[in-house]
Peer 1: 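My structure is below; once you've seen it, I'll send some questions.
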Amino acid sequence: MADPPTTRVPRRSADDRYDPARDRYKWTALTNATAAVFMSALDGSIVLIALPAVFRGVYLNQLAPGNIACLPASSSRP
């Protein structure tokens, strides 16, 4: 019976010491991603709440049979 293949684990060199700047970068990236997700959700909520006022401002009834095509185009974001 053949031995299973083994994988080599790279050894740490003397230059691969703990770098606090690298650790701070990870936290900065996590903070930025979290803030972006929160801001995106907040923006979506604001747009959803504001849509009826926007349609009233342009004198358009979005639920009328001829205007139903305006609703998906105005509420979707690219």
Side-chain angles (χ1 to χ4, degrees):
M1 201 184 265
D3 291 334
T6 59
T7 58
R8 289 187 158 186
V9 177
R11 293 187 178 195
R12 299 185 112 189
S13 66
D15 294 334
D16 199 17
R17 286 178 245 140
Y18 173 72
D19 185 13
R22 180 181 282 175
D23 195 39
R24 277 194 309 264
Y25 173 75
K26 291 177 187 178
W27 285 108
T28 303
L30 178 66
T31 303
N32 288 344
T34 304
V37 169
F38 172 72
M39 290 172 59
S40 176
L42 184 65
D43 181 51
S45 299
I46 290 171
V47 168
L48 188 63
I49 291 170
L51 272 178
V54 169
F55 282 124
R56 274 195 307 268
V58 295
Y59 302 107
L60 179 69
N61 183 4
Q62 70 270 22
L63 299 178
N67 298 332
I68 196 69
C70 297
L71 184 61
S74 65
S75 63
S76 66
R77 289 183 283 173

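The analysis underlying the following values was restricted to heavy atoms, covering all of them including side chains, and did not include hydrogens, waters or symmetry mates.
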Peer 1: Leu42: which residues meet the side-chain contact (heavy atoms from CB on, under 4.5 Å) condition with it, sequence neighbours left out?
Peer 2: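 Checked Leu42 against side-chain contact (heavy atoms from CB on, under 4.5 Å); matches are Phe38, Ile46.
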Peer 1: Report the hydrophobic cluster partners of Trp27, with the cluster defined as I, L, V, M, F, W, Y residues connected by side-chain heavy atoms closer than 4.5 angstrom, directly or transitively.
Peer 2: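 Once heavy-atom contacts under 4.5 Å are chained together, Trp27 belongs with Leu30.
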Peer 1: When you group the ILVMFWY residues by side-chain heavy-atom contacts below 4.5 Å and let the links chain together, are Val54 and Ile49 in the same group?
Peer 2: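 Ile49 does not cluster with Val54.
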Peer 1: Say you draw a straight line from CG of Leu51 to CZ of Arg56; how long is it, rounded to the nearest 0.5 Å?
Peer 2: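 Leu51 atom CG to Arg56 atom CZ measures 11.0 Å (nearest 0.5 Å).
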